[in-house]
Amino acid sequence: MRGHEPRSSSSCAACKLLKRRCTPTCIFAPYFRSSDLLTFAKVHKVFGASNVSKLLGEVPEEQRQETVNSLAYEAEVRLKDPVYGCIGAIASLQKKMLELQHDLAVARTRLLAHSGVSNHVSQLDNSPELAAFLDLVPYSDLMLLDGSTSLDAYLYDLGQPPFV
């Protein structure tokens, strides 16, 4: 989406999809160019053209492009995952981040053990001292408050505290 560009004589994507005449004051035209038909179709399917029009009317003009980009992303994700939408994508990325942080801590521990920095690295594997040395939060602190090691049960529970 390109924002405010000079308009060609063709209708915007919204007016094409809604089969109406595009006027010079069309609120959709600067944000849904005629080539963005699929993008608008997704936004329209999830939010409805009337709701998007009202929303864009309430948002300051300098923030409308970001609003449209956000709506387009949210519509795309909601169509892929109708139940969880963006929250599902965020939770999945948070889980992957925890796994990668753990893998990084294990790799750094092994690197220290093989480099000879400490003869007692294996004894310090889960210690806060090693974590402080590696400038990492201990993986056990990243686990859920109830002590379980499975994030799957809480992956989409919005009532739970953030993972990190």
Side-chain angles (χ1 to χ4, degrees), residues 1-108 131 134-164:
M1 283 168 250
R2 295 171 280 258
H4 296 285
E5 293 178 358
R7 290 184 50 197
S8 65
S9 61
S10 66
S11 295
C12 68
C15 293
K16 277 185 179 180
L17 187 74
L18 300 173
K19 297 181 180 169
R20 64 183 189 191
R21 190 164 194 266
C22 193
T23 64
T25 59
C26 176
I27 195 160
F28 297 117
Y31 312 105
F32 296 103
R33 309 301 281 170
S34 61
S35 59
D36 295 332
L37 192 60
L38 185 59
T39 301
F40 181 77
K42 291 176 183 178
V43 170
H44 174 56
K45 184 173 185 172
V46 173
F47 299 106
S50 178
N51 291 331
V52 174
S53 175
K54 289 176 191 172
L55 181 67
L56 289 176
E58 293 175 4
V59 173
E61 194 168 333
E62 63 273 1
Q63 294 177 351
R64 287 182 185 168
Q65 185 62 52
E66 290 87 9
T67 302
V68 168
N69 292 343
S70 179
L71 289 171
Y73 176 75
E74 289 181 42
E76 176 87 24
V77 176
R78 180 62 65 180
L79 290 171
K80 287 180 184 176
D81 185 355
V83 176
Y84 297 111
C86 290
I87 299 299
I90 291 168
S92 176
L93 290 171
Q94 284 180 326
K95 180 179 179 185
K96 184 67 176 175
M97 184 182 69
L98 287 175
E99 291 168 357
L100 291 172
Q101 284 176 336
H102 177 258
D103 292 347
L104 180 62
V106 168
R108 285 184 175 176
L134 296 175
D135 195 23
L136 292 173
V137 176
Y139 186 66
S140 60
D141 289 352
L142 297 174
M143 301 313 293
L144 300 173
L145 297 176
D146 65 357
S148 73
T149 57
S150 173
L151 297 174
D152 294 332
Y154 293 95
L155 186 59
Y156 299 116
D157 187 352
L158 300 178
Q160 291 296 318
F163 294 127
V164 182

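Predicted model only: the values in this text are computed from it and were never measured.
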Show the nearest heavy-atom pair for residues D36 and Y31, with the distance to one decimal. OD2-O, 4.1 Å
Grab the two heavy atoms, one from V77 and one from A89, that are nearest each other, plus how far apart they are. CG1-CB, 4.4 Å
Once you round to the nearest 0.5 Å, how far does CD of E62 lie from OG1 of T67? 10.0 Å
With sequence neighbours left out, what residues match S53 under side-chain hydrogen bond (donor to acceptor under 3.5 Å, both in side chains)? none
Taking side chain to side chain contact (heavy atoms under 4.5 Å, CB included) as the criterion, tell me which of V106, L100, L104 meets it with H102. V106
Just by distance, do the side chain of R78 and the backbone of V83 share a donor-acceptor pair under 3.5 Å? yes
For K42, all residues meeting side chain to side chain contact (heavy atoms under 4.5 Å, CB included), sequence neighbours excluded: L38, A75, E76, L79
Do Q101 and L98 have side chains that approach each other closer than 4.5 Å (heavy atoms only, starting at C-beta)? yes
Starting at CE of M97, measure out to CD1 of I90 and round the result to the nearest 0.5 Å. 12.0 Å
What pair of heavy atoms forms the shortest contact from C22 to A29, and how long is it? SG-CB, 4.3 Å
How many angstroms lie between CG in L56 and CZ in F32, if you round to the nearest 0.5 Å? 6.5 Å
Set of residues satisfying side chain to side chain contact (heavy atoms under 4.5 Å, CB included) with respect to K19, sequence neighbours excluded: none
Nearest non-hydrogen partners of R20 and S11, listed with the distance: O-OG, 4.4 Å
Pairing residues for P82 by the side chain to side chain contact (heavy atoms under 4.5 Å, CB included) criterion, not counting sequence neighbours: none
Rounded to the nearest 0.5 Å, how far does OG1 of T39 lie from CG of N69? 9.5 Å
How long is the gap from CG on L37 to SG on C12, to the nearest 0.5 Å? 10.0 Å
Taking the side chain as every heavy atom from C-beta outward, state whether I27 and R64 have any pair of such atoms under 4.5 Å apart. yes
Nearest heavy atoms of L18 and A49, plus distance in Å: CD1-CB, 3.8 Å
By ring pair (Phe, Tyr, Trp, His ring centres under 6.0 Å), F28 pairs with (sequence neighbours left out) F40
Roughly how far, to the nearest 0.5 Å, is SG of C26 from CZ of R21? 12.0 Å
